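See structure below.
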Amino acid sequence: MGDDPASRVYVNNKKKACEAVGFMSEEYALPEHTSQEELLNLVNTLNKRDDINGILVQLPLPKHLDDKAVIEAIDPKKDVDAFHAVNVGKIMLGEYDFLPCTPAGVMEMLHSYNIEVSGKNCVVIGRSNIVGKPMAMLLLHENGTVTICHSRTRNLAEACAQADILVAAVGIPKFVKAHMVKEGAVVIDVGMDRDENGKLCGDVDFENVKDKCSFITPVPGGVGPMTIATLMKNTLKAAKLQNNVK
Ligand code: NAP
């Protein structure tokens, strides 16, 4: 909705990924002034279509719209972002169909590098519903000892410096400095920020932090592509669930 430049980039990347894996995708680029009712009508139409298995509403929505109501209107079986309350609840219980794309992409990355979570000190900076909170939950499900930091956290640098696995999802360019990182830590940078020159960067001061870490994800090229890959995985799963295919 509207003409948010970051949303445009994200939507284009998702469309490209659909093409690459052979999914049909439809984009509804609605003007900024679209009403709540018009948007809900579109979601309902897509809910009813058998040839649509996944629905994603690119956030943020313009201020006059209620994003919560729009997310809740999506059929949970087609909620490939896993933002619907039904899916969020299932994740809490550890019995889910879909995981939110960014945290699940991070877990996939940890698994593929054989990075053990069990028993580790995991610190997540950020507590948003789409990244921080589910990220903490997934680390907990794998037996990490999890601390969630946010804007009211006291002694944040000290908490971060205890982390074996540090996940930054703050939205502030180069927020995580070298003194906040333990020697040998695994550092996952979820941030997609712009530096003082308008260049894409992460929440971690990569150049000054990288030599202290055992693993660190770059921005761009780290978590972002994993998020999109997970979206494709969720969509395939949704199609299978809706068609009773194992
Ligand atoms: P968000 O909703 O703005 O949440 C940011 C979180 O950071 C909040 O919990 C906030 O705390 C905390 N925070 C802000 N300033 C802080 C400070 N000075 N000290 C400690 N904590 C602070 O952002 P989001 O949607 O989670 O996204 C976070 C970042 O990830 C952004 O850069 C976004 O672009 C990026 N992102 C990337 C992907 C990807 O695929 N790579 C996907 C989604 C998001 P309070 O709760 O106390 O306000």
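What you see is a predicted model, and the numbers here were worked out from it, not measured in a lab. Atoms within a ligand are numbered from 1 in the order they appear, just like the ligands themselves.
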| task | Over all heavy atoms of both residues, which pair between Tyr28 and Arg49 is shortest? Give the atoms and the distance, please. | result | OH-NH1, 3.4 Å
| message | Donor-acceptor pair, distance only, cut-off 3.5 Å: does the side chain of Gln242 make one with the backbone of Asn53? | response | yes
| query | Nearest protein heavy-atom contact for atom 5 (C) of ligand 1: which residue, which atom, what distance? | reply | Val170 O, 3.4 Å
| request: Answer yes when Lys233 and Glu108 have at least one side-chain N-carboxylate O distance shorter than 4.0 Å, and no when they do not. | output: yes
| task | Ignoring angles and geometry beyond distance, decide whether Val223 reaches within less than 3.5 Å of ligand 1 through its nitrogen or oxygen atoms. | result | no
| field | Proximal ligand 1 atoms for Asp193, defined as those under 4.0 Å from one of its heavy atoms | value | 32 (O)
| message | Tell me the contacting part of Ile228 for ligand 1: side chain, backbone, both, or neither, using a 4.0 Å heavy-atom threshold, strictly below. | response | neither
| field | Closest protein heavy atom to atom 18 (N) of ligand 1, given as residue, atom name and distance to 0.1 Å | value | Phe175 CE1, 3.6 Å
| message | Please work out, at 4.0 Å between heavy atoms, whether the side chain, the backbone, both, or neither of Val190 comes within that distance of ligand 1. | response | both
| said: Taking Leu42 as the starting point, is it possible to reach Val57 by hopping between hydrophobic residues whose side chains are less than 4.5 Å apart? | reply: yes
| task | Just jot down the ligand 1 atoms closer than 4.0 angstrom to any heavy atom of Thr227, in number order. | result | 39 (C), 40 (O)
| query | Using 4.0 Å as the upper bound for N to carboxylate O, is an ion pair formed by Lys182 and Asp164? | reply | yes
| remark: ligand 1 to Val131, heavy atom cutoff 4.0 Å, flagged ligand atoms 26 (O), 43 (C), 44 (C)
| query | Who's the nearest protein heavy-atom neighbour of atom 11 (O) of ligand 1, and how far? | reply | Ser151 N, 3.3 Å
| task | Would you mind listing which atoms of ligand 1 come within a distance below 4.0 Å of any non-hydrogen atom of Gly126? | result | 6 (C), 7 (O), 9 (O)
| Among Lys240, Lys237, Lys90, which one satisfies side-chain hydrogen bond (donor to acceptor under 3.5 Å, both in side chains) with Asp97? | Lys90
| Does Gly132 reach ligand 1, in the sense of a heavy atom lying below 4.0 Å from it? | no
| request: Only one of Met137, Lys133, Met135 passes side chain to side chain contact (heavy atoms under 4.5 Å, CB included) with Val124; say which it is. | output: Met135
| field | Thr153, portion touching ligand 1 at heavy-atom distance under 4.0 Å | value | neither
| Atoms of ligand 1 close to Gly171 [distance to a heavy atom under 4.0 angstrom, numbered from 1] | 28 (C), 29 (C), 31 (C), 32 (O)
| note | For Ile130, the ligand 1 atoms with a heavy-atom partner under 4.0 Å come out as 25 (O)
| said: Can you tell whether the side chains of Lys63 and Glu32 come within less than 4.0 Å, N to carboxylate O? | reply: no
| request: Check each atom of ligand 1 against the heavy atoms of Gly224 and keep those under 4.0 Å away; list them by number with element. | output: 40 (O), 41 (N)
| request: Would you check whether Tyr10 has a nitrogen or oxygen atom less than 3.5 angstrom from a nitrogen or oxygen atom of ligand 1? | output: no
| field | Closest protein heavy atom to atom 8 (C) of ligand 1, given as residue, atom name and distance to 0.1 Å | value | Arg127 N, 4.0 Å
| remark: Checking heavy atoms under 4.0 Å, the part of Thr102 that sits near ligand 1 is side chain
| request: Just jot down the ligand 1 atoms closer than 4.0 angstrom to any heavy atom of Leu156, in number order. | output: 20 (C)
| said: Does any part of the side chain of Asn87, heavy atoms only, come nearer than 4.5 Å to the side chain of Tyr96, both counted from C-beta? | reply: no
| In terms of hydrophobic clusters joined by side-chain contacts under 4.5 Å, are Ile55 and Leu231 together? | no
| His64 and His33, any side-chain heavy atoms less than 4.5 Å apart | no
